[in-house]
Structure formats: C-alpha cells, structure tokens
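No experiment lies behind these values; they were computed from the predicted model shown. Whatever order the structure lists ligands and atoms in, that order sets their numbers, starting from 1. Nothing fancy with the numbering, it's 1 onward along the sequence.
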Amino acid sequence: MRILGIESSADETAAAVVENGSKLLSSVIASSLDLHTAYGGIVPEIAARSHIEAIMPTIDEALKTAKTDWDNIDAIAVTRGPGLGGSLLIGVMTARTLAIAKNKPLYGVNHVEAHVYANFLTDTDLPNYAMPPAPPSFPLLCLIVSGGHTQLVLFKDHFDYRLLGQTGDDAVGEAFDKVAKILGLPYPGGPSVGQAAIDGNITSVKLPIAKMENKYDFSFSGLKTAVLRAAQEMAGKDYTFPSHELVGALTDEQKNNIAASFQHVAVQTLVNKLKLAVDEFQPKSIAIAGGVAASPYLRQQIEKQINQPVLYPDMKLCTDNAAMIAALGYQYMAAKKPPDDPYTLEIDTNLQM
Ligand code: KG4
Ligand code: ZN
C-alpha cells in the first residue's frame with residue numbers, strides 16, 4: 001500500500017510517498033525558513049502564503065521522485081493539527097480536494113503522534129538516509145521533543161497510548177529558540193545553540209532543573225528566564241537591561257558558555273525523565289522523535305546514560321516532514337479505520353494526543 005503524506009503545520013511544506021508504512025519512496029520538503037530567519041521566528045502570514053505557492057509543486061515532486069502516479073496511490077494522509085491555523089488549512093484543503101478529485105481515502109492525522117512514526121521508516125532506496133535497523137516493538141516508550149511539544153508517551157500498540165507527561169509551558173525546542181535569540185544566534189535555535197555550545201563550558205553558568213509535581217512533566221520557561229538573568233549578570237547589568245541589547249554586551253566566550261550550560265541542563269532534564277520511565281515501564285523499545293531529536297548532544301547523553309538501544313529517525317526525518325504523516329496514515333489503513341469525509345474534514349490547531 002502506498003500512502004501520499006502531506007504536511008503544512010508550520011513553515012515546511014512537505015509531501016512524501018511511503019510504502020507499507022516502512023519504505024520511504026520520496027520525501028520532499030520546501031521550507032520558507034529563509035523568509036522567517038530575519039524575524040527570529042515563524043511569521044504565520046508568510047508561512048501560509050508560502051504553502052499556497054509550494055504545495056502543488058511539492059506533491060508533484062514527491063510523486064515523481066517515488067516514480068509513481070495517482071493510479072498507484074492508495075490513500076492520502078494529511079496533518080490536521082496541531083499547528084498554525086492558516087498553514088494547516090492549506091494542507092487540509094489541498095488534501096480534501098485531491099481526495100475528491102482522485103477518489104482516494106483521506107486520513108487526517110495528529111502531527112505530534114506522527115513524529116513517532118518517523119521511527120517506523122526503516123527502509124529506502126534513496127541516498128543518504130540513516131534509518132533505525134528495525135521498527136520499534138511494543139510497549140514503546142517515546143520522547144517527543146520539538147519546537148511545539150515536549151512529551152513522554154507510552155504506546156501499548158498503535159493508537160493505544162498513554163501520555164505520561166508533557167510540558168506545562170515552553171517546549172524544549174522553543175527554549176532553544178528563545179535562548180538563541182538572547183544570544184543573537186540564528187533561528188532555529190537548536191542547531192545554532194548546539195554549535196556555540198561546542199566551544200563552551202557546561203558548568204560555567206549555574207542553571208536550575210525544574211521540579212515537577214508529576215515526575216514526568218516538564219517545564220522550560222524558568223530555565224529560559226534563568227538564562228536571561230545569568231546573561232544580564234555576566235554583562236554586568238541588572239534585570240531591567242533589555243534582552244535584545246545583550247548581544248552586544250556579551251563576549252563570544254560568555255555566549256558559548258551560556259549556550260553550553262543551557263543545553264546541558266535542558267538535555268539532562270530530558271534524559272532524567274526518560275531514564276525514570278525506562279526503569280518504571282521496562283519498554284521493549286525506546287524511540288526519540290521531533291526536531292530536537294536531531295541534537296547530537298542529546299543523542300550522545302542518551303547513549304551514555306540509557307543502557308538499552310534507542311531508536312532515532314534520520315536527521316532529515318526528525319524535523320517536520322511528510323514521510324512521518326504517510327507512515328502514520330498507513331497504520332490507519334492497516335487497522336481498517338474509517339477514512340475521514342473529504343467534504344468536511346476540519347483542522348484543529350490545538351489537537352491533543
Ligand atoms: O519538529 P520540528 O521541526 O517542528 C515542530 O513540530 O515544532 O521541531 C523544530 C524544533 C525547533 O525548536 C529547533 O530549534 C529544534 O527543533 N531543532 C533542534 C535541532 N534541530 C532542530 N534542537 C536541537 N538540536 C538540533 N540539531
Ligand atoms: Zn513537528
């Protein structure tokens with residue numbers, strides 16, 4: 001079975017074709033990132049306009065790369081939430097139109113849940129993909145870490161999962177992005193903070209690890225504020241000093257030290273909770289998903305501290321893509337779930353797992 005996946009929840013317009021939920025035939029991603037970098041974050045209106053321009057060429061390219069055509073597509077899966085309203089609408093309306101015009105079953109899927117399914121992509125003939133050697137087994141413990149989400153989920157089976165904990169404020173990727181802004185590093189913050197951290201000292205700045213009532217919940221907004229206060233102090237200023245002026249008041253060495261100390265605490269918070277859940281639930285497989293799963297420092301710390309193999313998607317399938325959407329869409333078909341109505345499928349900007 002071949003599923004066409006469509007993703008447009010943030011700044012990436014993506015389309016992909018996946019066979020039987022595991023073989024990647026194509027993954028095409030058009031990003032409007034360059035247009036947002038100047039603003040230090042995604043501008044929703046720019047993202048929506050870019051999706052309109054990119055979506056049909058991206059889908060055509062995905063079919064072409066997969067060496068397939070509409071006759072050989074069995075279903076369409078599309079992100080219906082969570083995400084930016086204007087962005088989601090372009091993907092969902094396009095998918096609805098194509099489902100009607102090409103007479104294909106349509107599945108609206110949850111973007112956050114779909115991130116997990118990047119770990120079920122284990123095979124491809126495309127060059128330069130490093131994929132997990134085998135798909136995860138159940139029970140599967142998954143840490144989903146992205147710009148919008150930070151959650152720990154225990155899957156007993158497909159569609160049968162329990163949310164163990166999540167962030168009550170900022171997502172971990174969002175914290176990386178905000179710290180990058182304080183340090184004057186480019187957006188997205190994950191890679192740029194990670195790069196600066198290489199030359200920094202992880203113990204040079206004392207930062208707190210949040211204590212939570214539910215041991216599996218996360219909080220990153222206090223850490224971000226602690227970074228701001230530490231940066232102001234290192235610059236010899238008080239808490240009223242505007243954050244956008246810190247860039248010029250800090251040396252490169254200070255910036256690198258802040259980046260390293262922040263990254264260390266953020267990553268250690270994730271690893272601590274993952275470790276606790278591994279001990280309590282003894283999962284058969286552990287998988288990491290979402291944009292922050294691309295962090296080399298996170299991977300290195302997990303390898304050091306978790307005594308069990310951990311699965312990661314290829315770096316290109318950690319950040320937003322449509323292959324993960326198609327991989328989850330396949331599970332809907334395999335489970336014989338009734339398709340969505342292409343005349344009425346709605347977006348849900350706050351869709352929860
Ligand atoms: O999954 P994703 O592409 O979009 C969301 O669904 O949010 O995740 C984007 C997030 C951004 O916050 C970005 O800073 C972070 O993932 N990210 C990284 C890395 N690459 C992207 N964080 C740490 N290290 C990276 N290499
Ligand atoms: Zn995402």
Side-chain angles (χ1 to χ4, degrees), residues 5-14 16 27 29-33 36-37 40-42 44 47 78-84 87-88 91 109-119 142-151 153 166-167 170-183 185-198 218 220-221 223-224 259-260 262-271 287-302 312-325 327-328 349-353:
I6 300 175
E7 155 65 33
S8 71
S9 64
D11 58 334
E12 270 100 8
T13 316
S27 176
I29 302 171
S31 178
S32 55
L33 181 65
H36 304 286
T37 304
I42 298 175
V78 64
T79 300
R80 74 174 192 93
L84 298 168
S87 292
L88 287 167
V109 311
N110 181 314
H111 174 92
V112 184
E113 186 181 349
H115 266 297
V116 176
Y117 283 80
N119 284 290
C142 193
L143 176 68
I144 308 167
V145 278
S146 74
H149 300 274
T150 305
Q151 44 201 53
V153 187
Q166 61 184 328
T167 180
D170 292 353
V172 62
E174 192 180 352
F176 270 95
D177 296 337
K178 287 178 176 170
V179 167
K181 212 165 182 179
I182 293 172
L183 300 179
L185 301 171
Y187 174 85
S192 59
V193 168
Q195 192 56 40
I198 293 173
F218 302 86
F220 291 101
S221 77
L223 176 59
K224 169 202 68 195
F262 158 77
Q263 175 176 254
H264 179 70
V265 170
V267 163
Q268 197 53 49
T269 306
L270 300 175
V271 177
I288 316 294
V292 182
S295 160
Y297 189 70
L298 175 65
R299 292 183 180 212
Q300 179 201 325
Q301 291 304 310
I302 286 176
Y312 303 92
D314 181 90
M315 295 281 189
K316 298 180 283 303
L317 301 173
C318 286
T319 45
D320 289 349
N321 65 86
M324 66 187 198
I325 307 300
L328 175 52
T349 55
N350 287 313
L351 188 63
Q352 301 290 319
M353 267 191 88

Open item on the list: So does Met324 get a backbone contact from the side chain of Asn321, meaning a donor-acceptor N/O pair under 3.5 Å?
Closed with: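 Yes, the answer is positive, given that a donor and an acceptor are paired below the 3.5 Å cut-off.
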
Task: Polar side-chain atom of Ser8 near backbone of Gly91 as donor-acceptor pair, under 3.5 Å - done: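 Such a contact is found between Ser8 side chain and Gly91 backbone.
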
[atom]: the protein heavy-atom neighbour that sits closest, reported with distance to 0.1 Å:
| atom | value |
| --- | --- |
| atom 9 (C) of ligand 1 | Gly147 N, 3.6 Å |
| atom 24 (N) of ligand 1 | Ser295 CB, 3.2 Å |
| atom 23 (C) of ligand 1 | Gly190 CA, 3.3 Å |

Under a heavy-atom criterion of less than 4.0 Å, does [X] contact ligand 1?
| X | result |
| --- | --- |
| His111 | yes |
| Gly189 | yes |
| Met315 | no |
| Gly148 | yes |

For [X], the ligand 1 atoms whose distance to one of its heavy atoms is below 4.0 Å:
| X | value |
| --- | --- |
| Ser146 | 1 (O), 5 (C), 6 (O), 7 (O), 8 (O) |
| Pro191 | 18 (C), 19 (C), 20 (N), 21 (C), 25 (C) |
| Asp177 | 11 (C), 12 (O), 13 (C), 14 (O) |

Task: Heavy-atom check, side chain of Met353 versus side chain of Asn110, under 4.5 Å - done: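 The answer is yes; the side chains approach within 4.5 Å.
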
Open item on the list: For ligand 1 and Phe176, I'd like to know whether there is a polar contact (N/O to N/O, distance under 3.5 Å).
Closed with: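 N/O-N/O distance under 3.5 Å: no.
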
Task: Any N, O or S atom of His149 closer than 2.8 Å to the Zn ion (ligand 2) - done: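 Not a single backbone or side-chain N, O or S atom of His149 is under 2.8 Å from the Zn ion (ligand 2).
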
Open item on the list: Under a plain distance cut-off of 3.5 Å, with no hydrogens placed, do His111 and Glu7 share a side-chain donor-acceptor pair?
Closed with: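 His111 and Glu7 do have a side-chain donor-acceptor pair below 3.5 Å.
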
Between [options], flag the one that comes closest to [atom] by a heavy atom.
| atom | options | value |
| --- | --- | --- |
| atom 16 (O) of ligand 1 | Gly291, Ala180, Ala294, Ala118 | Gly291 |
| atom 15 (C) of ligand 1 | Val292, Asp11, Thr319 | Val292 |
| atom 3 (O) of ligand 1 | Val179, Asn321, Asp320 | Asp320 |

Open item on the list: Take a 6.0 Å sphere around NZ of Lys224 and say whether it holds more than 12 heavy atoms from other residues, nucleotides or ligands.
Closed with: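 Above 12, so yes.
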
Task: Flag if over 12 foreign heavy atoms under 6.0 Å of CD, Gln195 - done: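 Not more than 12 within 6.0 Å, no.
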
Open item on the list: Applying side chain to side chain contact (heavy atoms under 4.5 Å, CB included), can you list everything that pairs with Ala16, at least two apart in sequence or on another chain?
Closed with: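 With neighbours one apart ignored, the set is Ser27, Ala322, Ala323.
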
Open item on the list: According to side chain to side chain contact (heavy atoms under 4.5 Å, CB included), who are the partners of Ala175, at least two apart in sequence or on a separate chain?
Closed with: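 Counting only residues at least two positions away or on another chain, Ala175 forms a side chain to side chain contact (heavy atoms under 4.5 Å, CB included) with Phe220, Phe262.
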
Task: Minimum-distance atom from the Zn ion (ligand 2) among N, O or S atoms of Asp320 - done: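 Atom name of the closest N, O or S in Asp320: OD1.
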
Open item on the list: For a side-chain contact (heavy atoms from CB on, under 4.5 Å) check, start with the C-alpha distance between Leu270 and Leu298, then their side-chain angles and the critical distance, and finish with the verdict.
Closed with: CA-CA 8 Å; Leu270 300 175; Leu298 175 65; 4.1 Å; yes

- [ ] Take Leu84 and Thr349, measure what side-chain contact (heavy atoms from CB on, under 4.5 Å) needs, and give me the verdict at the end.
- [x] CA-CA 6 Å; Leu84 298 168; Thr349 55; over 6 Å; no

TODO: Locate the shortest heavy-atom distance separating Gly81 from Leu351; write the atom from each residue and the value.
DONE: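 Nearest pair, atom of Gly81 first, then Leu351: O-CD2, 3.5 Å.
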
TODO: Pick one of side chain, backbone, both or neither for how His115 approaches ligand 1, counting any non-hydrogen atom pair under 4.0 Å.
DONE: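 For His115, the contact with ligand 1 is made by the side chain alone.
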
